[in-house]
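Here the structure comes first, spelled out in structure tokens, and everything after it is commentary.
Since we're looking at a predicted model, the values are computed, not measured. In what follows, every chain begins at residue 1, and chains take the letters A, B, ... in the order their sequences are listed.
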Amino acid sequence: MKKLINNPSDIVNEMIDGLIASSPTLLERVADSQIVIRKNLGIDKVAIISGGGSGHEPAHAGFVGQGMLTAAVCGQVFTSPTPDQIFNAIKTADSGQGVFLVIKNYSGDIMNFEMAKDMAEMEGIKVDSCIVDDDIAVENSTYTQGKRGVAGTILVHKILGAASEQGASLTEIKQLSEKIIPNIKTIGVAFSGATVPEVGKPGFVLADDEIEYGVGIHGEPGYRREKLQSSKFLAQELISKLKATFPFQENDQYAVLINGLGATPLMEQYVFTNDVLRQLKTEKLNVVFTKVGNYMTAIDMAGVSLTLMKIVDDEWLKNLNYPVTTLAW
Amino acid sequence: MKKLINNPSDIVNEMIDGLIASSPTLLERVADSQIVIRKNLGIDKVAIISGGGSGHEPAHAGFVGQGMLTAAVCGQVFTSPTPDQIFNAIKTADSGQGVFLVIKNYSGDIMNFEMAKDMAEMEGIKVDSCIVDDDIAVENSTYTQGKRGVAGTILVHKILGAASEQGASLTEIKQLSEKIIPNIKTIGVAFSGATVPEVGKPGFVLADDEIEYGVGIHGEPGYRREKLQSSKFLAQELISKLKATFPFQENDQYAVLINGLGATPLMEQYVFTNDVLRQLKTEKLNVVFTKVGNYMTAIDMAGVSLTLMKIVDDEWLKNLNYPVTTLAW
Amino acid sequence: MCALMLNKSYFIETFKKLAAMAEENRDHLSKLDSDIGDGDHGINLTIGFREVEKQLPQLSESVTDIAELMKKVGMILLSKVGGASGPLYGSFFMKMATHIIGKQEVTFKEFCQMYQDGVEAVQMRGKAELNDKTMLDALIPGLAILKDYQEGDDPINTLENCVNEMKLGSDKTIPLMAKKGRALRLGERAVGHRDPGSESAWMIMNVFLQQLKTIS
Amino acid sequence: MCALMLNKSYFIETFKKLAAMAEENRDHLSKLDSDIGDGDHGINLTIGFREVEKQLPQLSESVTDIAELMKKVGMILLSKVGGASGPLYGSFFMKMATHIIGKQEVTFKEFCQMYQDGVEAVQMRGKAELNDKTMLDALIPGLAILKDYQEGDDPINTLENCVNEMKLGSDKTIPLMAKKGRALRLGERAVGHRDPGSESAWMIMNVFLQQLKTIS
Ligand SMILES: Nc1ncnc2c1ncn2[C@@H]1O[C@H](COP(=O)(O)OP(=O)(O)O)[C@@H](O)[C@H]1O
Ligand SMILES: Nc1ncnc2c1ncn2[C@@H]1O[C@H](COP(=O)(O)OP(=O)(O)O)[C@@H](O)[C@H]1O
Ligand SMILES: [Mg+2]
Ligand SMILES: [Mg+2]
Ligand SMILES: [Mg+2]
Ligand SMILES: [Mg+2]
């Protein structure tokens, strides 16, 4: 393992220090915590909190700022933060309008966030939440339970954050989340495993000419291993999965997020973008929004994920384009 | 080589297509060229053009937009674009106020850009240029000739772009460039070589526990190979080189750019940022601006570079913070 | 032979050994987790049990009864570990306190009840079922044995049976690729791999067993 | 024996073989460039000479004299290759036309002048000096030989000497870590590695030599 770090067990703490020190006007750390919070909290706005294990940078702290997240709770690498941390974030972020939690569909995240929610509600703070489960990799038509939450979460942050910024209530944000999440679907392909610093070796190893479809952002197993394919072919495979799940209808509006998993250069991501957008055109979809880059990474994993969001309501698109002040959007 | 591409020789063309397709309101491609240009050209503003070999994404096309570059000329991977391409960019970008070329100090870039400049001047277009040579890795005190141009170029783009946006003349921009460039110095450390897609294997190979100081953004040799060190130690090594070159003086104002070379996760970059900013504090420098991320990459090289810019004039800092509409700043 | 009683120091000694067990099996458990998860299960447990061990000297002074000890240990896991195992093992130990409030020592029958309360807490917290490829696949078969314990049965024998059943339950997670819950989410690559939580679960109860042997 | 004359088809055949030579040595030249540069020298040359080859049939029809041929080939390299070798080899061939405007064939003495004009163009364009670890370290020693050529000397012998001197010049780039110019910029890792441009330079002139042998 060749990493630019000091002690593996200090990595999250030092990363947060580095992040805050480099953005002193935008962000601060809640004292004695692993919480990154906006410096100037929105007054009378619903706070949006996200978080989860670290190792997905710039998620989630990179999306803290006006128009997006109020705070991000950073767990250890690939490990959900603990309830007390999340509770602390809720208390600090609440401006009286309530707090909305964006949770990804992992046992750990759900349990820890829900315990924190219980704690906050006992103190009279209004808290609501949504669970993002956009990864269709291991879905099948009969059972939709158990999908993972991956890169689509970024779109949820953006849309809910813009809604909050524009004064939506906690109930409205909850309703909005219920409408958008079923319209966001993601599928990825890994070119390599990720190395958790404390483990020191990759979670899984692929041969030099091998890829794996549907790997999760923590290296969870995907649905198939195969020989390396061209970008065109990979775009086709991932789009065909998404097509079946939505399913596609001509002229429907879609937002596209192409997300690098960490070690795949932007150059390759744009080559892939080119193939994706061409093929979506062939499908006669109307792509109204595209974003490309490393947003929800898996430490140093090579590969990409493709997220499509069906834009059913023009307000969603407006929210995606709503101005924002964050490090990473 | 496991890359998300189609044919290696199509990579730049397809990358540009993908980039443009994903940013249709911001960018366009000059017909039959590898030039990325702003959709809405500033009227009566000096055009700022940069470019060079591809493989440094988001540089340079990611910095095209209001307040930064007018156009970027994309050569093949690690290969300067040809004079006719650059000349085309100059002609297309010129709004009558002249064109300023930001060139990095490589034989190829200089020769091709200067030939294009000659061609443009023969057609009566006012052209001026600067050569960025911020890499101090292979500098020694007696001979400053021959330094490479690396990540500091991004700061040059930003400052000159902001000046142009605020109405500076070609002469003023030239003068500004002459003032800022000597105050920008960079040094990097590589954890791995970069694989040029057409070559198919890394330009150089480091052992599992080995790093190399001072490697260039095309994998050019650095000044020393050594066993892997902690982030703290590496920060110290790089800062000590920069310290000797500037040299540091207490309370001087500095801007800091920590630049990932491609495959090093943001998590590690922030850990390194933390060490750098701490040590600069110990040096009693006054860091007034910090930026962290992948800005001038070397395809899939792992490693980082550290750029310091001594802020001698407050206008420079204002320009660094001046609003900008680009994909990547 | 007088009835076996488990006192505070039995539990304190057990927690000490749990810390050592976690340390020893750190890489093994993380490896299992790499195969089907994110590779940190061993790390998570050591983070938790290291902290428990660190606070044990102070805890053994301050807690007034076993219930309080269990709650405190559970709280430490809950607030230090994170991930899935934090709230699960946290709840497991915390809820063990349910029926023994104020007790300085517990009978083995009461210990069986403690285990039941713990397992039920895991089930409530995680909402998983048997064959979801989780720690419950070890915990639930063990529970069947301890529920059957009768006054007069040999505690060591019973707990040994329990741990063996847990091991068997863990073995059964290997081929699992269920059509629902967590196992579904894990996908095909998970088939042929043991669930790490089911492994740590029997290992934890095995430490209780070994400690029991030393005092009987 | 009548004086040797180099006509258009000598140059056209040479360019065909240059394309083959570039293709053959693509990986070798790129490897050299990996050691001290960015690993693309072989790629750059093949891109250029492939394009030259592609346009040769049409060029051999359209160009009226050798000067025009050299200019066109230089232009192709200039506008297709990029990098350092594009303008350098582009200028090299373009400027070969300087003293032979209008000629349908050239004497070997004139050929020597063409080479000199080419080398001077490289020097002007790149502003490098001997021992900067560039192609000039091969080109300049070769020039010394061709400058000495006297009417009556054997052309093949002379060009063979030239190529040999170029090779030696290229060998001398291996230990170079000069205190200035490009060699400085390359740093210590460059020591012990041959400059790729110095290698391609002698290889290019070697193709001229081999083609000369076929017509003499
Ligand atoms: N909903 C659940 N119910 C019961 N056990 C679960 C559940 N989700 C996960 N587990 C257990 O937790 C283990 C993983 O723990 P760990 O790796 O420490 O946490 P994380 O999954 O957050 O990385 C799994 O092997 C499984 O046994
Ligand atoms: N200023 C210069 N003058 C002469 N030759 C040079 C100069 N700079 C580079 N070269 C030659 O060009 C070669 C590299 O060419 P190439 O790899 O094709 O271009 P690039 O350096 O742009 O990647 C070097 O090996 C060297 O011989
Ligand atoms: Mg985890
Ligand atoms: Mg090059
Ligand atoms: Mg885990
Ligand atoms: Mg080169």
(message) If you compare all heavy atoms of B/Ala59 against all heavy atoms of B/Ile154, which two are closest, and at what distance to 0.1 Å?
(response) CB-CD1, 4.1 Å

(request) State the CG-CD1 distance between A/Leu27 and A/Ile16, to the nearest 0.5 angstrom. (result) 11.0 Å

(message) Given heavy-atom pairs under 4.5 angstrom as the criterion, report whether the side chain, backbone, both or neither of A/Leu228 touches chain B.
(response) side chain

(request) Answer with side chain, backbone, both or neither: which region of A/Met1 has an atom nearer than 4.5 Å to a non-hydrogen atom of chain B? (result) backbone

(message) Less than 4.5 Å to any heavy atom of chain B: does that hold for the side chain of A/Val276, its backbone, both, or neither?
(response) neither

(message) Given heavy-atom pairs under 4.5 angstrom as the criterion, report whether the side chain, backbone, both or neither of B/Val189 touches chain A.
(response) neither

(request) Find the one option among B/Val292, B/Leu327, B/Ile11 whose heavy-atom pairs under 4.5 Å with chain A are most numerous. (result) B/Ile11

(request) Give the minimum heavy-atom separation between A/Leu320 and A/Ala255, together with the two atoms involved. (result) CD1-CB, 3.8 Å

(request) Working to the nearest 0.5 Å, report the span between CG of A/Leu306 and CG of A/Leu234. (result) 11.0 Å

(message) Can you give me the closest heavy-atom contact between B/Val64 and B/Ala71, atom names plus distance?
(response) CG2-C, 3.8 Å

(request) Could you grab the distance from atom CG of B/Leu155 to atom CG of B/Leu308, nearest 0.5 Å is fine? (result) 10.0 Å

(message) Quick one, A/Cys74 and A/Ile35 - any side-chain contact, counting heavy atoms below 4.5 Å?
(response) no

(request) Looking only at non-hydrogen atoms, find the nearest pair between A/Phe204 and A/Ala190 and report the distance. (result) CZ-CB, 4.1 Å

(request) Measure A/Val287 against the heavy atoms of chain B and call it side chain, backbone, both or neither at under 4.5 Å. (result) neither

(request) With a 4.5 Å cut-off on heavy-atom pairs, point out which of B/Phe272, B/Phe289, B/Phe233, B/Phe191 contacts chain A the most. (result) B/Phe191

Which side chain or backbone donor-acceptor pairs connect chain B with chain A at less than 3.5 Å?
from, atom 1, to, atom 2, distance (Å)
B/Lys2, NZ, A/Phe191, O, 2.7
B/Lys2, NZ, A/Ala207, O, 2.8
B/Lys2, NZ, A/Glu210, O, 2.7
B/Leu4, N, A/Glu268, OE1, 2.8
B/Ile5, O, A/Ser231, N, 2.9
B/Asn6, OD1, A/Ser231, N, 3.2
B/Asn6, OD1, A/Lys232, N, 2.9
B/Asn6, ND2, A/Asp275, OD2, 2.8
B/Asp17, OD2, A/Arg278, NH2, 3.1
B/Phe191, O, A/Lys2, NZ, 2.7
B/Ala207, O, A/Lys2, NZ, 2.8
B/Glu210, O, A/Lys2, NZ, 2.8
B/Ser231, N, A/Ile5, O, 2.9
B/Ser231, N, A/Asn6, OD1, 3.2
B/Lys232, N, A/Asn6, OD1, 2.9
B/Glu268, OE1, A/Leu4, N, 2.8
B/Asp275, OD2, A/Asn6, ND2, 2.8
B/Arg278, NH2, A/Asp17, OD2, 3.1

(message) With a 4.5 angstrom heavy-atom cut-off, is it the side chain or the backbone of A/Ala207 that approaches chain B, or both, or neither?
(response) backbone

(message) As an exercise, state the distance from CD1 of A/Ile258 to CG of A/Leu238, rounded to the nearest 0.5 Å.
(response) 10.0 Å

(request) State, to 0.1 Å, how close A/Ala151 and A/Leu257 come at their nearest heavy-atom pair, and which atoms those are. (result) O-CD2, 3.5 Å

(message) Counting only non-hydrogen atoms closer than 4.5 Å, does A/Leu19 touch chain B with its backbone (N, CA, C, O), its side chain (CB onward), both, or neither?
(response) both

